[in-house]
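To start, the structure itself, in structure tokens.
Side chains are part of it too, since the values below use all heavy atoms of this structure and drop only hydrogens, waters and symmetry mates. Sequence lines set the chain letters: A, B, ... in the order given, protein chains first and strands last, and positions in each chain run from 1.
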Amino acid sequence: MTQGKVITKKLNIYYGSNHALKDVDISIRRNVVTALIGPSGCGKSTFLKTINRMNDLVDNVRIEGKVYLDGADIYGRGMDVTRLRKRVGMVFQQPNPFPMSIYDNIAYGPRIHERKSKAQLDEIVERSLRQAAIWEEVREGLYQSALRLSGGQKQRLCIARALAVEPEVLLMDEPTSALDPVSTLKVEELLCHLKKSYTIVVVTHNMQQAARVSDDTAFFLAGEVVEYDTTARLFSHPTDKRTRAYISGKFG
Amino acid sequence: MRRLKDDMLLCLIYLAAFAAEFLLIGILGYVFVKGFPQVSWHFLTSVTSVLQGTAGIAGNIVNTLYMVILTLLIAVPLGIGSAIYLNEYARPGKIVGLIAFTTETLSGIPSILFGLFGMVFFGSALGLGYSILTGAFTLALMVLPLITRNTQEALKTVPEAYRSGALSMGAGRWHMIRTILLPAAMPGILTGILLAVGRILGESAALLFTAGSGYFLPRSFGGWFRKLLESGGTLSVQLYLSMSKAQYSVAFGIAAVLLCMVLGINLLLRILAKKWDVV
């Protein structure tokens with residue numbers, strides 16, 4: 001693997017006395033979908049939230065080691081968290097559109113980062129909604145409340161909202177676990193399109209999903225990365241017997 | 001047997017509901033019937049004249065508006081600000097607990113005590129004397145807990161996911177509060193303000209010795225500003241004074257006007273809350 005988009009070196013995270021991540025060394029390739037799998041509480045979400053520093057907001061958190069985005073230490077002194085979060089977008093498990101119109105939801109991010117004209121915003125809103133494959137469904141009602149959308153639409157809206165600030169990396173924390181199968185399929189198709197322009201890291205509980213959508217997979221267990229390889233290899237020839245047991249459904 | 005018991009209980013509940021309703025309507029009706037004959041254009045637009053022997057409450061209406069607006073100007077930013085601090089910035093701990101406890105206690109203190117404190121502190125120590133400003137500061141202390149508590153409760157009901165959603169897009173904490181939290185919490189905040197307005201309109205004990213009982217209208221343009229530092233009795237204070245002088249017809253007139261104001265402000269804020277609650 002060449003120089004990764006996101007690289008961690010000896011990353012250790014503690015929540016109080018709970019050692020949540022142990023010596024994680026990972027290099028995430030650019031423009032691929034990387035899946036993080038593993039049983040609940042194994043540290044995959046913790047790892048995800050480290051990349052955009054959302055972990056900073058947790059009380060009693062202690063972060064050791066290094067995380068690099070394009071070679072720059074994101075916990076280093078020169079890193080502006082606002083800039084970082086513009087470059088590293090996030091989609092949550094529960095769709096969380098803001099209580100405002102669809103338009104304002106999408107425009108929320110761009111408005112934070114710089115002053116934009118109405119025409120520019122219009123263009124960003126349309127482009128983002130198209131990218132998230134929801135434009136056709138909402139183009140007639142851009143000024144309606146985003147809370148009236150269905151669950152699957154809400155999630156695609158949230159993806160569009162994250163894309164509106166043109167991030168480089170997209171973090172997704174079990175983005176389909178609250179969705180029905182049809183919406184799940186739509187989001188998965190979306191991932192395959194989006195990886196051409198973005199580096200995507202997706203946490204999933206669903207191993208079939210990891211196998212379907214991802215190029216690389218990392219298997220987390222009790223805070224450690226047990227195995228990290230291309231998805232094809234990890235699922236067909238796992239080297240660690242814990243990986244083999246997990247992907248064959250023996251636990252988790 | 002069981003059925004009979006159920007029916008009886010139901011009867012009692014209905015009775016209680018009707019009694020409560022009837023009492024309210026009864027009081028409103030009684031005040032309006034006794035008060036409205038007193039209310040005339042002259043009563044509303046002139047001030048009491050001892051020479052002519054006429055009664056008018058224009059000065060008191062103006063004082064009341066001054067008092068409501070000034071008090072809210074002081075208490076609303078402070079109350080919302082402290083609620084935001086307590087809910088969004090401060091880490092839960094001893095200090096936050098202490099502040100919450102103090103706020104609770106503050107709302108349980110009899111208003112005459114606020115009057116005493118306001119007179120001594122704002123009136124004497126700060127030298128504001130008997131004035132609308134002294135009264136407004138005193139009332140601001142009284143309604144602060146109402147606004148803080150209601151804002152806090154409203155902020156607590158805003159889903160955590162909105163916060164993390166906004167922060168994850170790079171919003172600063174204050175930007176997130178301003179653009180997401182406050183709009184989402186607006187109905188609750190307005191409820192607090194509404195309760196505060198009710199309290200201001202109804203207060204007499206705390207104002208008697210702070211804002212006093214002046215009832216004149218300013219005579220010049222500058223007078224409207226100087227009024228802040230002059231004594232001014234609100235409708236409730238004037239109501240109390242009229243009653244103590246056994247001028248019951250005037251008192252009922254004031255009561256009717258006061259009730260109309262309360263109803264009007266209720267209605268206004270309800271419309272505002274609905275407008276904010278569109279989503």
Side-chain angles (χ1 to χ4, degrees), chain A residues 45 48-49 51-60 80-102 104-114 143-149 154 157-158 161-167 169-173 178, chain B residues 80 83-100 150-191 271-279:
Chain A
S45 291
L48 200 71
K49 283 190 282 178
I51 305 177
N52 64 349
R53 291 188 56 171
M54 283 298 276
N55 261 336
D56 294 18
L57 306 171
V58 182
D59 282 338
N60 276 325
D80 171 13
V81 181
T82 298
R83 291 278 310 150
L84 172 72
R85 292 188 188 145
K86 180 186 178 308
R87 294 172 64 191
V88 185
M90 188 164 207
V91 175
F92 295 82
Q93 183 171 4
Q94 290 292 335
N96 59 347
F98 301 135
M100 42 177 90
S101 72
I102 292 170
D104 286 334
N105 261 281
I106 307 295
Y108 189 81
R111 279 176 178 147
I112 297 172
H113 296 288
E114 61 191 295
Y143 297 98
Q144 283 180 8
S145 167
L147 301 186
R148 293 197 196 138
L149 298 172
K154 280 182 186 163
L157 178 81
C158 290
R161 186 176 67 188
L163 296 179
V165 294
E166 299 179 56
V169 181
L170 197 56
L171 308 175
M172 303 181 125
D173 193 357
Chain B
I80 294 181
I84 289 174
Y85 170 74
L86 288 173
N87 227 48
E88 305 299 323
Y89 288 95
R91 309 229 152 187
K94 277 207 177 107
I95 297 183
V96 171
L98 188 73
I99 296 176
N150 277 284
T151 306
Q152 257 189 299
E153 292 308 317
L155 287 174
K156 272 182 203 151
T157 62
V158 179
E160 205 48 47
Y162 290 173
R163 292 181 178 81
S164 39
L167 294 175
S168 79
M169 309 202 57
R173 201 172 269 271
W174 171 240
H175 184 86
M176 180 270 292
I177 291 169
R178 199 164 49 79
T179 54
I180 306 279
L181 291 195
L182 287 181
M186 201 44 90
I189 297 175
L190 281 178
T191 307
I271 292 167
L272 277 181
K274 206 164 239 164
K275 211 182 120 197
W276 250 298
D277 213 10
V278 277
V279 212

Side chain, backbone, both or neither of [X] within contact of chain B (heavy atoms, under 4.5 Å):
{"X": "Pro97(A)", "value": "backbone"}
{"X": "Val88(A)", "value": "backbone"}
{"X": "Leu84(A)", "value": "neither"}
{"X": "Asp104(A)", "value": "neither"}
{"X": "Arg83(A)", "value": "neither"}

Contact summary for [X] and [Y], nearest pair of heavy atoms:
{"X": "Ile112(A)", "Y": "His175(B)", "answer": "CG1-NE2, 3.6 Å"}
{"X": "Asn52(A)", "Y": "Ser168(B)", "answer": "ND2-CB, 4.2 Å"}
{"X": "Asn96(A)", "Y": "Ala161(B)", "answer": "ND2-O, 2.9 Å"}
{"X": "Met100(A)", "Y": "Ile180(B)", "answer": "CE-CD1, 3.6 Å"}
{"X": "Tyr108(A)", "Y": "Met176(B)", "answer": "OH-CA, 3.8 Å"}
{"X": "Met169(B)", "Y": "Val165(A)", "answer": "CE-CG1, 4.4 Å"}

Subject >> Side-chain heavy atoms of Pro183(B) within contact of Phe98(A), under 4.5 Å >> reply: no
Greatest number of heavy atom pairs closer than 4.5 Å to chain B - which of [options]:
{"options": "Asp80(A), Asp59(A), Leu57(A)", "value": "Asp59(A)"}
{"options": "Lys86(A), Gln94(A), Arg161(A)", "value": "Arg161(A)"}
{"options": "Arg87(A), Met54(A), Met90(A)", "value": "Met54(A)"}

